[in-house]
Amino acid sequence: MDAEEYAELVLRCVERVPAGRVTTYGSIAEAVGAVCGGGGPRQVGTVMSRHGGGMPWWRVVRADGSAPPTHALEARQAWLSEQTPLRPSGSVDLTRAFVAARLPD
DNA sequence: TACTTGACATTTT
DNA sequence: AAAAATGCCAAGT
């Protein structure tokens, strides 16, 4: 399993997340790690930073429901336009929006 | 081989 | 509640 394939799986998981819902780096790491072995939340983050362009990266959040500080503003706009359930604090309400990452069929 | 860097997570201050 | 310390895993230098 090379890094490219790992990235493919991660990206596919992101695409499977419906608008208005989110999943976490950790959840994706679990799903992909189950078949790829190894990997972890950080690897998922790395993949997003390199191949995140062109996909709904704002549907992937940290374990506490917040987006990476570097893209926090854009993420919030995207969440608002998709009507993603947010908490007063500005981060995503995981109890309402979280969906576990699923591997492609 | 050793050290640094990152769109992370968890525990402890 | 918020910040710091630790642990983590792979890739690049």
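Every chain is numbered from 1, with letters handed out A, B, ... down the list of sequences. Since we're looking at a predicted model, the values are computed, not measured.
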- Using a cut-off of 4.0 Å on non-hydrogen atoms, how would the nucleic acid contact of A:P68 be classed: base, sugar-phosphate, or nothing? base

- Message: Considering every strand and a 4.0 Å limit on heavy-atom distances, what is the contact class for A:A29: base, sugar-phosphate, or nothing?
- Response: nothing

Interatomic distance, [X] [atom1] vs [N] [atom2] [rounded to whole Å]:
| X | N | atom1 | atom2 | answer |
| --- | --- | --- | --- | --- |
| A:D2 | C:dC9 | CG | P | 20 Å |
| A:R62 | B:dT10 | CZ | P | 12 Å |
| A:Q43 | B:dC8 | CD | C1' | 9 Å |
| A:R50 | B:dC8 | CZ | P | 16 Å |
| A:D64 | B:dA7 | CG | C1' | 13 Å |
| A:R42 | B:dA9 | CZ | P | 10 Å |
| A:I28 | B:dA7 | CD1 | P | 16 Å |
| A:L94 | B:dA9 | CG | P | 10 Å |

- OG1/A:T24 to CD/A:E30 distance, rounded to the nearest 0.5 angstrom? 8.0 Å

- Rounded C1' spacing from C:dT13 to B:dA7 in Å: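 Roughly 22 Å separates the two C1' atoms.
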
- Under-3.5 Å donor-acceptor pair between A:Y6 side chain and C:dA10 base: no

- Query: Given that both distances must come in under 3.5 Å, which nucleotide forms a Watson-Crick or G-U wobble pair with C:dA1?
  - Reply: none

- Determine, step by step, whether A:H51 and A:E4 satisfy the side-chain contact (heavy atoms from CB on, under 4.5 Å) criterion, reporting the C-alpha distance in whole Å, the side-chain angles of both residues, the deciding distance to 0.1 Å, and the verdict. CA-CA 10 Å; A:H51 313 79; A:E4 279 302 319; 4.0 Å; yes

- Query: Do A:C13 and A:V32 have side-chain heavy atoms sitting under 4.5 Å apart?
  - Reply: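 Contact flag for A:C13/A:V32 side chains = yes.
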
- Flag the pair A:V60 / A:V17 as yes when at least one side-chain heavy-atom distance between them is below 4.5 Å, and no otherwise.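 No, their side chains stay 4.5 Å or more apart.
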
- Of the candidate nucleotides B:dT10, B:dA7, C:dA11, which contains the atom at the shortest distance from the side chain of A:A3?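 Looking only at heavy atoms from C-beta outward on A:A3, the closest nucleotide is C:dA11.
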
- Message: Using a 3.5 Å distance criterion without hydrogens, assess whether the side chain of A:R96 forms a donor-acceptor pair with backbone atoms of A:P85.
- Response: no

